[in-house]
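For reference, the structure is listed below as structure tokens.
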Amino acid sequence: MTDAASLPGQPRGGVISGPATSRAHCVLAPNPSAMTLDGTNTWIVAEPGSGLAVVVDPGPLDEGHLRHVIDTAERAGKRVALTLLTHGHPDHAEGAARFAELSGTSVRALDPALRLGDEGLAAGDVVDTGGLELRVVPTPGHTADSLCFHLPAEGAVLTGDTVLGRGTTVVAHPDGRLGDYLDSLRRLRSLTADDGVSTVLPGHGPVLEDAQGVVDFYLAHRRERLAQIESAVRSGFRTPSEVVAHVYADVDRSLWPAAEMSVRAQLVYLREQGLSAGDS
């Protein structure tokens, strides 16, 4: 999931679970790992005073976690009315069908295979539930089906795995594509510059309170990695595994398989740009 230990962006310290804004509450799933950081952030989002809530990314198929999400909403006087997915990776979406059964909701996602109900999600859609407004922002790159949700009332964006609360994300080749990912980061950068987005509510890790700073960091990080990978190829490191061992030598080896996915995506991108690239 990540090849960097920390980020700019004023990450909040302390426990990740709990209220993040007046409209967004995090319930941390019990699935910590090198790839998922502290675990998956399941978000309960609701308009103050409304009796309805939206859940974003129910998380893994863990019965206790799924019931805890519903109980947390109900203790706040909310009924879960809708389930949304940022993308289809199991740590975010595997529990969605069971959660829909428990909560009696539909599931909306970009990928039709993940939907339960008649409605999907697409660029420009606005989800309005109990007066809560969430704007769908397409952000392919980590995966082809990745979405973010802009919460304009809070100046916040729920980013799934497109931007993490700690470290940087993987471009999950072959489904994820680096060119798409760079475009998505620029789209998020526009939200920070033009739409007042200042807070990142990520799919993993702590809340970040300098959205523009962290997106700029992500863009700079990608430029740096691309330059390192191109240099490695020109120095004779040809295969993705060779490039990973050279460029990611300072990264925990447990993360090298994920890093290799990103390297493959970057080698494809370099070829598409007409630059030097090794075997993918």
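A salt bridge links R135 with E133: the closest approach of a Lys/Arg side-chain nitrogen to an acidic carboxylate oxygen falls below 4.0 angstrom. Salt bridge status for E119 with R115: absent, with no side-chain N to carboxylate O gap under 4.0 Å. Electrostatic pairing of E260 and R264 counts as a salt bridge here, judged by a charged N lying under 4.0 Å from a carboxylate O.
Here L219 contributes atom CG and L182 contributes atom CG; the two are 7.0 Å apart, rounded to the nearest 0.5 Å. Between the CG atom of L201 and the CG atom of L208 there is a distance of 9.0 Å, given to the nearest 0.5 Å. Within the model, atoms SG of C148 and CG of L134 stand 12.0 Å from one another, a figure rounded to the nearest 0.5 Å. Atom-to-atom distance recorded for D180:CG and L185:CG is 11.0 Å, nearest 0.5 angstrom. A distance of 10.0 Å separates CZ of R222 from CZ of F217, quoted to the nearest 0.5 Å. With values rounded to the nearest 0.5 angstrom, Q266 atom CD is found 5.5 Å from L178 atom CG.
Geometric assessment of R225 against the ring of Y248 yields a positive cation-pi assignment under the 6.0 Å and 45° thresholds.
Every side-chain contact (heavy atoms from CB on, under 4.5 Å) that Q212 has, sequence neighbours left out, goes to R189, T192, A193, D210, D216. With sequence neighbours left out, the salt bridge (Lys or Arg N to Asp or Glu O under 4.0 Å) criterion links R108 to D125. For P174, there are no side-chain contact (heavy atoms from CB on, under 4.5 Å) partners at least two apart in sequence or on another chain. Residues passing the salt bridge (Lys or Arg N to Asp or Glu O under 4.0 Å) test with R223, sequence neighbours excluded: none. The salt bridge (Lys or Arg N to Asp or Glu O under 4.0 Å) test applied to E74 returns no partner, not counting sequence neighbours. Considering only residues two or more places apart in sequence or on other chains, S50 meets the side-chain hydrogen bond (donor to acceptor under 3.5 Å, both in side chains) condition with none of them. Partners of L110 by side-chain contact (heavy atoms from CB on, under 4.5 Å), not counting sequence neighbours, listed by chain and number: D145, L147. Residues passing the salt bridge (Lys or Arg N to Asp or Glu O under 4.0 Å) test with R186 are D183, sequence neighbours excluded.
Residue L116 is found in a hydrophobic cluster whose other members, listed by chain and number, are L85, V107, L114; membership requires side-chain heavy atoms under 4.5 Å apart, directly or through intermediates. Other members of the cluster containing L52 do not exist, because no ILVMFWY side chain is joined to it at under 4.5 Å.
V233 and W256 fall within the same hydrophobic cluster, defined by Ile, Leu, Val, Met, Phe, Trp and Tyr side-chain heavy atoms under 4.5 Å apart, directly or through other members. Side-chain heavy atoms closer than 4.5 Å link hydrophobic residues (I, L, V, M, F, W, Y) into clusters, and following such links, even through other members, never connects I16 to V69. In this structure, F99 is not a member of the same hydrophobic cluster as L158, with clusters built from ILVMFWY side-chain heavy atoms closer than 4.5 Å. There is no path of hydrophobic side-chain contacts, each under 4.5 Å, that joins V56 to L66. Under a hydrophobic clustering in which Ile, Leu, Val, Met, Phe, Trp and Tyr are joined whenever their side-chain heavy atoms come within less than 4.5 Å, directly or via other members, L28 and I44 fall into different clusters.
Residues S22 and E154 bring a donor and an acceptor atom of their side chains to less than 3.5 Å of each other. Judged by distance alone, the side chains of N31 and T36 never bring a donor and an acceptor atom under 3.5 Å apart. Looking at S146 and T139, their side chains never bring a donor and an acceptor atom within 3.5 Å of each other. Between the side chains of D91 and H204, at least one donor N or O sits under 3.5 Å from an acceptor N or O.
Between the side chain of E242 and the main chain of R238, a donor-acceptor pair closer than 3.5 Å is present. Side-chain atoms of D111 do not come within 3.5 Å of backbone N or O of G88 as any donor-acceptor pair. Using modelled atom types, no side-chain atom of Y218 and backbone atom of G213 make a donor-acceptor pair closer than 3.5 Å. Side chain of T21 to main chain of A24: a donor-acceptor pair is present (N/O by atom type, distance under 3.5 Å, no hydrogens or angles). At least one donor-acceptor pair closer than 3.5 Å links the side chain of S235 to the backbone N or O of S231. Side chain of T86 to main chain of G160: no donor-acceptor pair is present (N/O by atom type, distance under 3.5 Å, no hydrogens or angles). Not a single donor-acceptor pair under 3.5 Å links the side chain of D195 to the backbone N or O of V197. With T159 contributing its side chain and T162 its backbone, the two residues share no donor-acceptor pair below 3.5 Å. Judged purely by atom type and a 3.5 angstrom limit, E230 has no side-chain atom pairing as donor or acceptor with the backbone of A227.
Closest of all the heavy-atom pairs between A96 and P58 is CA-CG, 4.0 Å. Nearest approach of A156 to H150, heavy atoms of both residues: O-CD2, 3.3 Å. Of all the heavy atoms in P140 and P138, the pair that sits closest is CD-C, 3.5 Å. Nearest heavy-atom pair, G141 versus V171, reported as atom, atom and distance to 0.1 Å: O-CG1, 3.4 Å. Across every non-hydrogen atom of G165 and P202, the tightest pair is N-CB, 3.5 Å.
Identified under the ring-ring contact (aromatic ring centres under 6.0 Å, His included) test for residues 35-70, with sequence neighbours left out: none. Applying the salt bridge (Lys or Arg N to Asp or Glu O under 4.0 Å) test to pairs two or more places apart or on separate chains, those with a residue in residues 47-60 are R23-E47.
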- Task: Just do the side chain to side chain contact (heavy atoms under 4.5 Å, CB included) check on V200 and V207 with the steps written out, would you?
- Result: CA-CA 6 Å; V200 173; V207 171; over 6 Å; no
- For side chain to side chain contact (heavy atoms under 4.5 Å, CB included), just list the numbers for K78 and H25, CA-CA rounded to whole Å, side-chain angles, deciding distance to a tenth of an Å, and then say yes or no. CA-CA 12 Å; K78 313 288 186 185; H25 185 110; over 6 Å; no
- Query: After noting the C-alpha distance and the side-chain angles of L84 and V45, does the key distance pass the side chain to side chain contact (heavy atoms under 4.5 Å, CB included) rule?
  - Reply: CA-CA 11 Å; L84 303 177; V45 194; over 6 Å; no
- side chain to side chain contact (heavy atoms under 4.5 Å, CB included) between I229 and L270, worked out: CA-CA 9 Å; I229 288 168; L270 288 170; 4.0 Å; yes
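Ring-plane geometry between H87 and H142 is classed as perpendicular, the angle between the planes exceeding 60 degrees on a 0 to 90 degree scale with a lower cut at 30.
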